[in-house]
2 protein chains.
Amino acid sequence: MESLQNPPKDKAMEVLSKAIAESRFFTIVGRCEVDYRGRASSKLGEGERMLMVKEDRSLTVHKKDRHAPVNYQRAGCELSVSCEGEAIKLTSKNAGEVLSARFSGIKFIGVFQMEDDEDLSLVGKEKDLSSLVQAEPHLIEPGLVPLEMEKSIRTGGIDVYARDKEGNLVVVELKRRAAGLDAVTQLKRYVGEIRRLHKEKVRGILCAPSLTPNAREMLASEGLEFIPLDPSIEHMEQGRVKLIKSQKRIDQF
Amino acid sequence: MESLQNPPKDKAMEVLSKAIAESRFFTIVGRCEVDYRGRASSKLGEGERMLMVKEDRSLTVHKKDRHAPVNYQRAGCELSVSCEGEAIKLTSKNAGEVLSARFSGIKFIGVFQMEDDEDLSLVGKEKDLSSLVQAEPHLIEPGLVPLEMEKSIRTGGIDVYARDKEGNLVVVELKRRAAGLDAVTQLKRYVGEIRRLHKEKVRGILCAPSLTPNAREMLASEGLEFIPLDPSIEHMEQGRVKLIKSQKRIDQF
DNA sequence: GCGATCAGCGGCACG
DNA sequence: CGTGCCGTTGATCGC
């Protein structure tokens, strides 16, 4: 680990060159301007920011606020550092994209070695909701029998493919969050696809905590159904999902 | 600016408390475990990472690689720091979400003051493409007359609303990147809406650099059209867009 | 404030 | 590799 405050230019060049050569994690804090050109083109005038380079040679430029970086470069880029008069310029090239940060003053350089073998484990994604529904399909509807989860068809993937107690095919689209028009168009597409393939009655059910008004209207006009489902993280962790009784279901015939 | 290497626990507590109280930008590098609970729930076992807090009290936790943070909290959270035996625990609460990072060892603390008045200016968004089309509608089709840009209807916004040289209404959906099924469903929805309102012939045109096979098929089956358009950043900056001649247009009648 | 869409979206999983 | 879609998506703009 190495940390420098207000390093002279030569020392800064030396430390940065070494950090780049050794693929280290390092940060620079200082006054800079940043240019980017690739899928889009951006210019950031002079100001003080923190630039971060990680061991995979991904690069981010951070302003003093906003959690998201103001500029970035994806992992695997080719890094170089050079002098431009009294300034130090760091350039990153990657797949037709170029980002350069020209530092007119460097207040801090930190080079860090981080031992880390642990990866994030995260619960609460749509996949987890899907598993719960597979374990307890009656939460969607009594007598529902799942045939296949994440069934992939030409035009996407069906979250739950099932038959109801009448023997009808059922396509279920699950959403962790409030469903909008996009969710309904997805479901509609899947139902259409299955209907073309099977020439029998196919029901489409959207399961989500709630539905926007436009989505509700589109769903109704397409003869699709809505089942309110509360996928709160507590239920996920406890391994169950709760039906919200207060909200009306939409049932079409 | 303050920078500490391997600070004793008391000093670390003092510096962090002050940085929090004064809403400073600061980073901590050290061995920690991170827990998050909110919209989802995550656990990150012990390892060395960099934690970053910005002046807007947004928080990110960075592993040694991956440009995106492994954990984060949005701006405006309530921060606190406390001792847990020999460890230092930083907790962030925000809108029903809690993130805590328990540091068993701190290798570095940096508190930075960053003067920055300049904001990013970025060219190459869909809006820029839209402006070009407005200036040169003949790029889409000779004789096309734009009536309205970003025309907002109940169910979204139409990029370009126009009439062709025959007097037919035209709905144009622009995409900067390769268009997929979502782009076609969007266009289809807008065209349907306009047809319901006007009871006359309405054409739908998708303008994008390319089209996925499924999207092409859906477009054709809906009687919609495709115009290949190259929105490369060079053209944007030069203030013009180029039609790609090599790709075949899809024209339905 | 909700709703819909864009984003230099990024990332994953499946064909 | 492309295609589709989820994401603790975030950010913006319009109603």
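These numbers come from the heavy atoms of this one structure, side chains and all, not from hydrogens, waters or symmetry mates. Each chain gets a letter, A, B and so on, in the order its sequence line appears, and its residues count up from 1.
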Looking at the side chain of Lys175(A), which of dG8(C), dG10(D), dC6(D) is the nearest nucleotide?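 Output: dC6(D).
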Taking the side chain of Pro213(A) as heavy atoms from C-beta outward, which of dG3(C), dT12(D), dT8(D) is closest to it? dG3(C)
Can you list, in residue-number order, the parts of [range] that come under 4.0 Å of DNA chain D, counting heavy atoms only?
range: residues 49-64 of chain A; answer: none
range: residues 148-157 of chain A; answer: Thr155(A), Gly156(A)
range: residues 116-126 of chain A; answer: Leu122(A), Lys125(A), Glu126(A)
range: residues 178-190 of chain A; answer: Gln186(A), Arg189(A), Tyr190(A)

At less than 4.0 Å, is any side-chain N or O atom of [X] found next to OP1 or OP2 of [N]? Yes or no.
X: Arg39(B); N: dG10(D); value: yes
X: Arg66(B); N: dC12(C); value: yes
X: Ser42(B); N: dT8(D); value: no
X: Arg74(A); N: dG8(C); value: no

For [X], all residues meeting side-chain hydrogen bond (donor to acceptor under 3.5 Å, both in side chains), sequence neighbours excluded:
X: Ser100(A); value: none
X: Glu55(A); value: none
X: Asn214(B); value: none
X: Asp159(B); value: none

Qualifying side chain to side chain donor-acceptor pair (under 3.5 Å) pairs with a residue from residues 121-133 of chain A, counting only residues at least two apart or across chains: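 Those involving residues 121-133 of chain A are Ser130(A)-Glu150(A).
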Look at atom NZ of Lys43(A) and say whether more than 12 heavy atoms of other residues, nucleotides or ligands are closer to it than 6.0 Å. yes
Just how far, in rounded Å, is [atom2] of [N] from [atom1] of [X]?
X: Leu174(A); N: dG7(D); atom1: CG; atom2: C1'; value: 16 Å
X: Tyr36(B); N: dG7(D); atom1: OH; atom2: P; value: 12 Å
X: Ile158(A); N: dC5(D); atom1: CD1; atom2: P; value: 11 Å
X: Glu217(A); N: dG3(C); atom1: CD; atom2: C1'; value: 14 Å
X: Asp65(A); N: dG10(D); atom1: CG; atom2: P; value: 16 Å
X: Asp159(B); N: dC13(D); atom1: CG; atom2: P; value: 15 Å
X: Lys127(A); N: dC5(D); atom1: NZ; atom2: C1'; value: 14 Å
X: Tyr72(A); N: dA11(D); atom1: OH; atom2: P; value: 13 Å

Point-to-point distance, once rounded to the nearest 0.5 Å, from CG of Leu79(A) to OG of Ser23(A):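 Between Leu79(A) CG and Ser23(A) OG, I get 8.0 Å after rounding to 0.5 Å.
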Phe25(B) ring centre to Lys64(A) NZ or CZ under 6.0 Å, with the angle to the axis within 45°?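 Judged by the rule, Lys64(A) and Phe25(B) form no cation-pi pair.
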Rounding to an integer number of angstrom, what distance separates dC6(C) and dG10(C) when you compare their C1' atoms? 14 Å
Nearest-angstrom distance, P atom, dG4(D) to dT8(D): 22 Å
Does any donor-acceptor pair link the side chain of Asn214(B) with the base of dG4(D) at a separation under 3.5 Å? no
Which part of the nucleic acid, if any, lies within reach of Glu173(B) when heavy atoms closer than 4.0 Å are counted: base, sugar-phosphate only, or nothing?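 The residue Glu173(B) makes sugar-phosphate contact but no base contact.
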Residues which pass side-chain contact (heavy atoms from CB on, under 4.5 Å) with Arg24(B), listed by chain and number, not counting sequence neighbours: Ala19(B), Glu22(B), Val111(B), Gln113(B)
Reading DNA chain C from 5' onward, which residue's closest nucleotide shows up sooner: Ser41(A) or Ala68(B)?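 Here Ser41(A) is the residue nearer the 5' end.
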Assess the side chains of His62(B) and Lys54(A): does a donor N or O sit below 3.5 Å from an acceptor N or O?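 Their side chains do contain a donor-acceptor pair, which is all the 3.5 Å distance test asks for.
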Distance only, no hydrogens: is a donor on one side chain within 3.5 Å (strictly under) of an acceptor on the other, for Ser42(B) and Asn71(B)? yes
Apply salt bridge (charged side-chain N to carboxylate O under 4.0 Å, His left out) to the pair Arg154(A) and Glu217(B), showing each step before the final yes or no. CA-CA 12 Å; Arg154(A) 267 215 338 288; Glu217(B) 187 183 328; 3.3 Å; yes
Could you list all the salt bridge (Lys or Arg N to Asp or Glu O under 4.0 Å) pairs where at least one residue sits in residues 91-101 of chain A, not counting sequence neighbours?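 Those involving residues 91-101 of chain A are Arg39(A)-Glu97(A).
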Selection residues 177-189 of chain B - residue pairs positive for salt bridge (Lys or Arg N to Asp or Glu O under 4.0 Å), sequence neighbours left out: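 Salt bridge (Lys or Arg N to Asp or Glu O under 4.0 Å) check on residues 177-189 of chain B returns Lys188(B)-Glu222(B).
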Does Thr155(B) form a side chain to side chain donor-acceptor pair (under 3.5 Å) with Glu193(B)? I'd like the steps, not just the answer. CA-CA 8 Å; Thr155(B) 175; Glu193(B) 181 86 12; 5.4 Å; no
